[in-house]
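Beneath this line is the structure, given in structure tokens, with notes to follow.
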Amino acid sequence: MSEPTALTRLTHKEVTDKEMMYSFLDAARIAHIGFVAPHGNPVVLPTAFVRDQNRILIHGSTGSGMFRALANGAQCCVEVTLLDGLVLARSGFESSIHYRSVVIFGTFTQSTDKAADLAVITEGIFPGRTAELRPMLAKEIAATSVLEMEIEQWSAKMSQGDPHDEGDDIDWPVWAGVVPIHTVIGEPIPAENLAANLHTPPTYISQWK
């Protein structure tokens, strides 16, 4: 059963609604995965991911040390953070950031349908594109490790609202407020070797957020 893990600090920022937690994951493309490597040192590495219902999917080279360790059952945590703004308070102590974050605890297992899950990953990162691409070759599938993790133990937080200035600080003569930060999709840049009749980007790119 998927259940949130209770926070011990900043509990007013806790998110316990699973659908909201899902929305945080769906808005991200990169997760940081922390685990203890076989050599004994803790490691945190970034990787692309997608959420598929109640599981996380990642893929990488079969030669990757991280993927080998995770496939062998290494305990890990998956962390995702979205930076939403800079909070400018009237003191450095109260200045902060707005964010949405999710931490998932557990272990990965190897996909039982690698080809299908690779299609899910591709479509999750590049919505609308899967049907147009060259089918994956058997050797490409063989060279790729696909891992999945059920979302069972997780915690999520969201920071929002005005700066938390109080008392005499409110009268300090300096601007206070929030500077929003947005990640936006830019104008597509065609490859230099793209055929002239393909220079117009596909319409689905305009729907990406």
Side-chain angles (χ1 to χ4, degrees), residues 19-34 43-68 70-71 78-87 97-104 108 110-149 151 156 158-160 178-209:
E19 293 301 321
M20 183 175 290
M21 180 270 290
Y22 283 165
S23 75
F24 295 175
L25 295 175
D26 295 344
R29 292 292 184 272
I30 297 293
H32 289 82
I33 300 180
V43 178
V44 177
L45 294 174
T47 190
F49 82 100
V50 299
R51 179 186 70 87
D52 178 48
Q53 299 185 56
N54 193 54
R55 62 179 184 151
I56 294 291
L57 288 171
I58 61 174
H59 75 300
S61 169
T62 55
S64 163
M66 177 180 80
F67 276 79
R68 289 199 303 269
L70 295 177
V78 178
E79 194 278 337
V80 171
T81 297
L82 300 160
L83 178 61
D84 293 326
L86 302 176
V87 182
I97 62 173
H98 280 341
Y99 61 89
R100 290 162 288 162
S101 68
V102 180
V103 178
I104 304 167
F108 281 93
Q110 297 201 39
S111 165
T112 57
D113 192 339
K114 190 190 293 189
D117 283 340
L118 282 171
V120 170
I121 292 169
T122 301
E123 188 65 18
I125 299 175
F126 311 104
R129 191 160 176 78
T130 308
E132 296 186 336
L133 297 178
R134 168 182 63 74
M136 291 195 70
L137 303 176
K139 66 178 182 180
E140 294 173 334
I141 296 174
T144 305
S145 176
V146 180
L147 304 180
E148 62 180 350
M149 176 193 286
I151 303 173
M158 178 169 62
S159 174
Q160 56 186 343
V178 176
V179 179
I181 294 176
H182 303 287
T183 299
V184 298
I185 300 293
E187 286 295 320
I189 302 171
E192 292 184 3
N193 59 358
L194 187 65
N197 65 323
L198 294 175
H199 271 224
T200 300
T203 56
Y204 53 73
I205 292 180
S206 64
Q207 300 172 6
W208 293 355
K209 297 179 181 179

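Index from 1, following the sequence.
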Ile33 side chain near Phe108 side chain, heavy-atom distance below 4.5 Å: yes

Salt bridge (charged side-chain N to carboxylate O under 4.0 Å, His left out) partners of residues 112-121, not counting sequence neighbours, each pair once: Arg55-Asp117

Non-hydrogen side-chain atoms of Phe24 and Val80 separated by less than 4.5 Å: no

Side chain to side chain contact (heavy atoms under 4.5 Å, CB included) partners of Ser159, counting only residues at least two apart: Lys13, His98, Tyr99

Results of side-chain hydrogen bond (donor to acceptor under 3.5 Å, both in side chains) for Glu132 - residues two or more places apart only: Tyr204

Partner residues of Pro135 under the side chain to side chain contact (heavy atoms under 4.5 Å, CB included) criterion, sequence neighbours left out: none

Any residue meeting side-chain hydrogen bond (donor to acceptor under 3.5 Å, both in side chains) with Gln160, in chain and number order, not counting sequence neighbours: none

Under the salt bridge (Lys or Arg N to Asp or Glu O under 4.0 Å) test, residues paired with Glu123 that sit two or more places apart: none

Summary of salt bridge (charged side-chain N to carboxylate O under 4.0 Å, His left out) pairs that have at least one residue in residues 138-147, sequence neighbours excluded: Arg134-Glu140

Check: Trp208 side chain, Pro127 main-chain N or O, donor-acceptor pair, under 3.5 Å: yes

Pairing residues for Ile181 by the side chain to side chain contact (heavy atoms under 4.5 Å, CB included) criterion, not counting sequence neighbours: Leu83, Leu86

Pairs flagged by side chain to side chain donor-acceptor pair (under 3.5 Å) wherever residues 188-198 is involved - sequence neighbours left out: none

Partners meeting side-chain hydrogen bond (donor to acceptor under 3.5 Å, both in side chains) with His59 (sequence neighbours left out): none

More than 12 heavy atoms from other groups under 6.0 Å of CG on Leu198: yes

For Thr81, all residues meeting side-chain hydrogen bond (donor to acceptor under 3.5 Å, both in side chains), sequence neighbours excluded: Glu79

For Gln207, side chain to side chain contact (heavy atoms under 4.5 Å, CB included) partners two or more places apart: none

Any donor-acceptor N/O pair, Ser206 side chain to Thr203 backbone, under 3.5 Å: yes

